[in-house]
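Within every chain, numbering begins at 1; the chains are lettered A, B, ... in the order of the sequence lines, protein sequences first and strands thereafter.
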Amino acid sequence: MLIGTTIYALINTAILALMAIGFNLTFGISGIANFAYGAVYILAAYGVWMLLTLFQLPYPVAVLAAVGVNLLLGALIYRFVLLRIRGQALSEVIATFGIGLAILELFRYLGLVGFEYHLPVFVDKSFVIAGTYVDFQRIAIVVFSAVLILGLWFFTHHTAIGLAFRGIAQDERTALTFGIDSNKMATLSMAMGAALAALAAVFIIPLGSISPGEGYDVLIKALAVCIIGGLGSTGGVIAASFIVGFAERFTDTYIGSHWTMIVSLAAILVVLTVKPSGLFGNQKELEERI
Amino acid sequence: MLVVNNLMVFFENALALNGLSLEVREGEIVGVIGSNSAGKTTLMNAVSGLIIDMRIKEIRRGGQRISIYGNIAYKGEDITGIPPELRVKNGIVLSRERHPVFPESSVLENFRIAGYLRTKKEVREVVDYVFSLFPPLVKLKKRKAGFLSGGEQQMLAIGMALVVRPKLLLLDEPLLGLSPMMQKAVVDAIVALNKESGITVLLSEQFARPVLPVVDRAYVVENGMLTLSGTGADLMNNPEIKSAYFGV
Ligand SMILES: Nc1ncnc2c1ncn2[C@@H]1O[C@H](COP(=O)(O)OP(=O)(O)OP(=O)(O)O)[C@@H](O)[C@H]1O
Ligand SMILES: [Mg+2]
């Protein structure tokens, strides 16, 4: 049972990291907390569902289309909504949350709720690993999370745009003196964050079904992981996903599933009490330096 | 190369630059000498275009009003309203005061971020040149920039501006807070990059003594207004300058 729980805790960790990575990317680069994140996640899932069931498109084509739509949507939200209120955190939160609310409640209003709204697993197969059954989809999630995190690391350290991201995240005005345009980078960061949400949805949704409620759930989980990790830090996302991922599964197995939520929240509280800016955050150190 | 004509900058109702005019010719090193709050940084921000970005940000958050009058011409074209990133593309590159660097990144990564507009090969070439200008940086290249000393950060900051391959390099108080020895190293490097790479330099400084010997011409600014100008040698012998800007 211990091995099985550990395996499922690892899978849970990968799911959480995958859910949070897009939100974290946008915040890390441009300081925008995109509260429409859960909604664009669900939007992509409904999009893929529609292309598959109504238009009978092949799965990969539907996925590419949804990722493309989310890229565009993220960019449009920045250009037409966030640009004018840029830098005022509360307005950004209210505006993006409003957009998210509109998207999710529209789906609810349209009655797109129920078990028929789901995405198929990639391959209907399962394996036995150390005496535990694990299906292909969950293995795909773990592998994809790892590849994605490595890929993002490579992107931010070895490409011009990735390096510009790192520059602007550290000092916007200095980045500007090297010709790095902060609006362009913020647009890209919103677009990429939304596209990552779409990819996360495609991998994770087949484990359950599509519903507006799931959108709020994903937003809360992404927020929790990012806050524990220290907003904007990729290392923090990984560490926090491990903490929450293991806490949830072990509580499930050894204490009881009705305690899961409480234990996760307690984990958040403990981390924030010990380190108020999150595990990898540096706000606290800055405060102390002043 | 650069002609600033009757430039006025207001922060709300406070006048930071008051009808400033100056000229920088191709290949020159030109100094702007002024004490605290004379308007040196405001001038540098106006020429580099950063002030346009500051203005937009203030408007967005409903902060103070920044107004700019007069005009700035670069290579015969009016650039007064052009955004900073386009000015960088055209070769106007500013190294801001207090040597801002990207503290979480290594020295090499700082160069690579600064080289956003350049190819990897171009960046490598300039970085080799920067290492020859500032030999102490070589053994620090893997160190996080936040852990460098002030003087090392200043060398890095100038090096980062060079990576962009400027035609007109703006240096805002490059000697601020440096030891006399470090000041000499930086001044020598400025002369070298001007002579060897043909980069035109406009630099600002509080104290005249270290820079007047190497500038072709200099302008003295007080309260946003021009009070004196002349060749470096003329100003060196000017008693008013000696008393006000030579420090102790
Ligand atoms: N962002 C700003 N908001 C309001 N006033 C400003 C701002 N920046 C500069 N000023 C004012 O404009 C005047 C010129 O400032 P500036 O920073 O250009 O001086 P400086 O010559 O660079 O001084 P220092 O040697 O201290 O760097 C000062 O009176 C300053 O208070
Ligand atoms: Mg200044």
Show your reasoning for whether side-chain contact (heavy atoms from CB on, under 4.5 Å) applies to A:Arg166 and B:Glu109. CA-CA 10 Å; A:Arg166 280 173 65 71; B:Glu109 192 169 88; 2.6 Å; yes

Inter-chain contacts: residues 168-178 of chain A against chain B, heavy atoms under 4.5 Å: A:Gln170, A:Asp171, A:Glu172, A:Arg173, A:Thr174, A:Ala175, A:Leu176, A:Thr177, A:Phe178

Can you confirm whether [X] is buried at [atom1], in the sense that more than 12 heavy atoms of other residues, nucleotides or ligands lie under 6.0 Å from that atom?
X        : atom1 : result
B:Glu77  : CD    : no
A:Phe242 : CZ    : no
B:Arg60  : CZ    : yes

Region of B:Ser105 that comes under 4.5 Å of a non-hydrogen atom in chain A: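 Both backbone and side chain of B:Ser105 come within 4.5 Å of chain A.
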
Taking side chain as everything from C-beta outward and backbone as N, CA, C, O, which of these in B:Pro84 sits under 4.5 Å from a heavy atom of chain A? Side chain, backbone, both or neither. side chain

Below 3.5 Å, can you tabulate the donor-acceptor pairs from side chains in residues 165-176 of chain B to any protein atom, sequence neighbours excluded?
residue, atom, partner, partner atom, Å
B:Arg165, NH2, B:Glu125, OE1, 3.1
B:Asp172, OD1, B:Ser204, OG, 2.7
B:Asp172, OD2, B:Thr41, OG1, 2.9

Pairwise side-chain contact, B:Arg112 with A:His158, heavy-atom cut-off 4.5 Å (strictly under): yes

Let me know if A:Arg86 has heavy atoms under 4.5 Å from chain B in its side chain, its backbone, both or neither.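 Both the backbone and the side chain of A:Arg86 come within 4.5 Å of chain B.
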
Looking only at heavy atoms, what is the nearest atom pair of A:Gly179 and B:Glu85, with distance?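 Residues A:Gly179 and B:Glu85, closest heavy atoms: O-CB, 3.8 Å.
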
